[in-house]
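Each ligand, and each atom within it, is numbered from 1 in the order the structure gives.
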Amino acid sequence: MSDKLKVAVLYDVWGEEDIPESEKAAESGRKRKEKEDREEIFDALTKLEHEPSYYVLDGRPQSLHGLAKCGADLVFNLTESYAGDDTKEMNVAAYMDLIGLPYTGAGPHAHFLAQDKATAKKMFHFHEIRTPYFATAYRGNIDHAHDVKFPLIVKPQLEDGSIGIDAEAVVNSVKELMERVEYVQNEFDSPALIEEYIEGREIYAAILGSYEKTEVLPLVELDLSQLPEGTPRIASRDVKFERETKAYKLTKSKVADDLDEATAQKLADTALAAYRAVKLRDYGRIDMRLTPEGEVYVIEANPNPWLSSKHEFAMAAKKSGRSYTQLIEQIVELAMERTKRENSSGS
Ligand SMILES: Nc1ncnc2c1ncn2[C@@H]1O[C@H](COP(=O)(O)OP(=O)(O)O)[C@@H](O)[C@H]1O
Ligand SMILES: [Mg+2]
C-alpha cells in the first residue's frame, strides 16, 4: 500500500440548476453512471486509507483558484469538460500542469489528440494502425477526404458518449449522407466525420500504464448481435445510456474469452500502438472493430474512460484478477510514479 495521500476527486458541473426537468430525465442514465463512478472511486480511496475529498469545477474562475489551493497530493481527474465545453478537457489538465498539481490519467496532449477524432485518425495512419478511411466536412470545407465507400457512418468530429450516433448515422446513399452531414453541422455546430462503416464485433481494450510499462487487460466485447434485424450494430446513445430502451436491454458487455490467441494478440498489439500514438497514459480504453475476416480497425481512443465498476474497464480489470479497489490503487500509484519520474527528468 502506498503512503496516505490527500486525493481530490475532481469533476465538473455546469448550469445543472438551469436544466429543465425533461432534459434531466433524458440525461439521467448518464448522470447516474457518472455519480456512481466518482462515489465508487471515493469509497475505494477510503478503503485504501487515503484521504479523499470531492472537488468540483463549476466553470467559474473561483473554482480554478480554489483547486490551486486545495492542498491535495493528487487529483483523481474525472472532469469531462469545463463550463460545458467538452473540448476544454485538455485545458483542465494543462492548468493542473501549470500549478504543479499531480493528477491521474491523460495530459493535455492526449486530450488534444484523442478528442478530435480526425486528428487521432491521422496519428493512427502515420503509425500504420488500421482505422476506417474517412473524410471531414464543415459547411462546404473539406479538411481531408479519402475516396470513401458506402456504407458510411457520420459522427460529430469532436464529441464522445455517442452524441449524435443513432441508427440514422449509418448511411447508404449520397442523399442520406448529405442529410446527415447537414444534421451534424446544424445540431452540434460541429464538423462531420464521415467514416467507412466497419461491420464486425465491437471489442474494447483497457490499458494500464505509461511509456514502455503498459499492460493490456483482457479484451471485452460489447455484444450488439441481439439488436433487432435492420438496425445498425452500433453503440448508439440508446445502447450506452438509455436504460429504458430495448437497445440498452438487448446489448451487454462481456469478457471476449472466445477469441483465438492470435486474434486476441493482434487486437492487444493494435490497441497498445493506438494508446501510444495518441499519448494516453495511466489508463485508457481503445475501441475497435474486428471484421469476420479477422481485420482489426481502431475506431477510437478514450483517455480517462469511465471507471464505474459495471463498465468495461473495471470488467477487464476484474478478469485480470484485480478487485475494483486494487484497480483504483494501481491508477493512483501509476499517476504518482509517473509524476515523480516526469519531475525528476524535468519534463
Ligand atoms: N467506422 C465505424 N464502423 C462501425 N461502427 C462504428 C464506426 N464508428 C463508430 N461506430 C459505432 O459507433 C459507436 C460510437 O462511436 P465512437 O467513434 O466510439 O464515438 P464516441 O466517442 O461517441 O464513443 C462505436 O462504439 C461503434 O459501435
Ligand atoms: Mg467510443
Side-chain angles (χ1 to χ4, degrees), residues 29-30 33 80-81 86-87 89 106 110-111 113-121 123-125 129-136 146 148-172 177 180 184 187-188 190-207 219-227 231-242 247-248 250-253 256 267 270-271 274-275 278 280 284-293 295-306 311-313:
R30 175 155 196 202
K33 281 194 185 89
E80 296 193 348
S81 57
D86 291 356
T87 63
E89 260 183 303
H111 284 299
L113 294 171
Q115 168 89 45
D116 180 339
K117 292 189 168 123
T119 303
K121 288 169 72 68
M123 295 297 288
F124 298 151
H125 200 70
I129 300 162
R130 195 185 290 237
T131 182
Y133 286 143
F134 74 106
T136 55
H146 281 122
V148 289
K149 296 192 174 49
F150 289 104
L152 299 167
I153 181 165
V154 184
K155 333 185 229 190
Q157 192 175 322
L158 303 166
E159 298 285 352
D160 53 19
S162 285
I163 292 172
I165 299 182
D166 54 41
E168 277 78 51
V170 179
V171 296
N172 288 288
L177 169 64
R180 193 65 186 185
V184 166
E187 193 74 13
F188 306 102
S190 164
L193 177 67
I194 302 156
E195 213 176 61
E196 289 193 353
Y197 176 74
I198 310 297
E199 194 62 77
R201 293 172 67 177
E202 174 127 339
I203 309 281
Y204 300 136
I207 300 180
L219 300 162
V220 170
E221 173 169 18
L222 175 62
D223 183 1
L224 300 162
S225 62
Q226 300 308 309
L227 285 174
T231 8
R233 307 261 148 102
I234 55 172
S236 63
R237 201 96 191 121
D238 283 1
V239 165
K240 282 190 192 164
F241 305 114
E242 304 302 334
Y248 185 95
L250 291 172
T251 48
K252 67 171 193 300
S253 300
L267 284 154
T270 305
Y275 186 87
V278 293
L280 300 198
R285 198 191 73 225
I286 306 297
D287 299 354
M288 293 171 287
R289 284 250 151 168
L290 172 65
T291 69
E293 295 75 37
E295 288 165 329
V296 174
Y297 286 84
V298 171
I299 299 295
E300 197 204 6
N302 298 286
N304 304 358
W306 283 316
H311 267 89
E312 289 85 8
F313 203 101

Can you check the number of protein N/O/S atoms within less than 2.8 Å of the Mg ion (ligand 2)? 2

Write out the residue and atom name of the closest protein heavy atom to atom 25 (O) of ligand 1, then the distance separating them to 0.1 Å. E202 OE2, 2.5 Å

Rounded to the nearest 0.5 Å, the CD1 atom of I234 sits from the CG atom of L224 at a distance of 9.0 Å

Answer side chain, backbone, both or neither: which part of P132 comes under 4.0 Å from ligand 1, heavy atoms only. side chain

With backbone taken as N, CA, C and O and side chain as the heavy atoms from C-beta onward, which portion of K240 lies under 4.0 Å from ligand 1: side chain, backbone, both, or neither? side chain

Answer yes if the ring centres of Y204 and W306 are under 6.0 angstrom apart, and no otherwise. no

Would you say the side chains of S225 and D223 form a donor-acceptor pair under 3.5 Å? yes

heavy-atom search around atom 22 (O) of ligand 1 in the protein gives S162 N, 2.4 Å

I299 to ligand 1: N or O pair under 3.5 Å? no

Nearest neighbour in protein (non-hydrogen) for atom 3 (N) of ligand 1: I198 N, 2.9 Å

Give me the nearest non-hydrogen protein atom to atom 12 (O) of ligand 1 as residue plus atom name, then the distance to 0.1 Å. I165 CG2, 3.9 Å

Could you report the tightest heavy-atom contact between R233 and R289, atom names first, then the distance? O-NH2, 2.6 Å

Atom 9 (C) of ligand 1: nearest protein contact (heavy atom, Å): K155 NZ, 3.2 Å

To check your reading of the model: name the closest protein heavy atom to atom 16 (P) of ligand 1, its residue, and the distance in Å. E300 OE1, 3.7 Å

Atom CD of E80 and atom CG of D86: how far apart are they, to the nearest 0.5 Å? 7.5 Å

Using a 4.0 Å cut-off to any heavy atom of E159, which atoms of ligand 1 qualify? 21 (O)

Write down the atom of L267, the atom of M288, and the distance for their closest heavy-atom approach. O-SD, 3.6 Å

Under 4.0 Å to a heavy atom of I234 - the qualifying atoms of ligand 1, by number: 5 (N), 11 (C), 27 (O)

Measure the spacing between CD of E312 and CD of E202 and express it to the nearest 0.5 Å. 8.5 Å

Would one find an N or O of L224, backbone or side chain, under 3.5 Å from an N or O of ligand 1? no

Could you grab the distance from atom CG of L290 to atom CD1 of I198, nearest 0.5 Å is fine? 11.5 Å

What's the spacing between Y133 OH and L152 CG if we round to 0.5 Å? 14.0 Å

Taking every heavy atom of I153 against every heavy atom of E196, the minimum-distance pair comes out as CG2-O, 4.4 Å

As an exercise, identify every atom of ligand 1 less than 4.0 angstrom from a heavy atom of D287. 18 (O)

Pair I165, K240 - check side chain to side chain contact (heavy atoms under 4.5 Å, CB included), show working. CA-CA 11 Å; I165 299 182; K240 282 190 192 164; over 6 Å; no

Minimum-distance pair of heavy atoms, taken over all atoms of S236 and S162: C-CB, 3.7 Å

Sub-4.0 Å heavy-atom approach of K117 to ligand 1: yes

R289, any N or O under 3.5 Å of ligand 1 N or O: yes

Atom 13 (C) of ligand 1 has as its nearest protein heavy atom A235 O, 3.6 Å

OG1 of T270 to OH of Y275, rounded to nearest 0.5 Å, is 16.0 Å

Strictly below 4.0 Å, N to O, side chains only: are K121 and E195 in salt-bridge contact? yes

Which of the numbered atoms in ligand 1 are under 4.0 angstrom from any heavy atom belonging to Y197? 3 (N), 4 (C), 5 (N)

Could you tell me whether some N/O pair between I153 and ligand 1 is separated by less than 3.5 angstrom? no

Distance-minimising heavy-atom pair for A271 and I286: O-CG1, 3.5 Å

What residue and heavy atom of the protein are closest to atom 1 (N) of ligand 1, and at what distance? E195 OE1, 2.6 Å

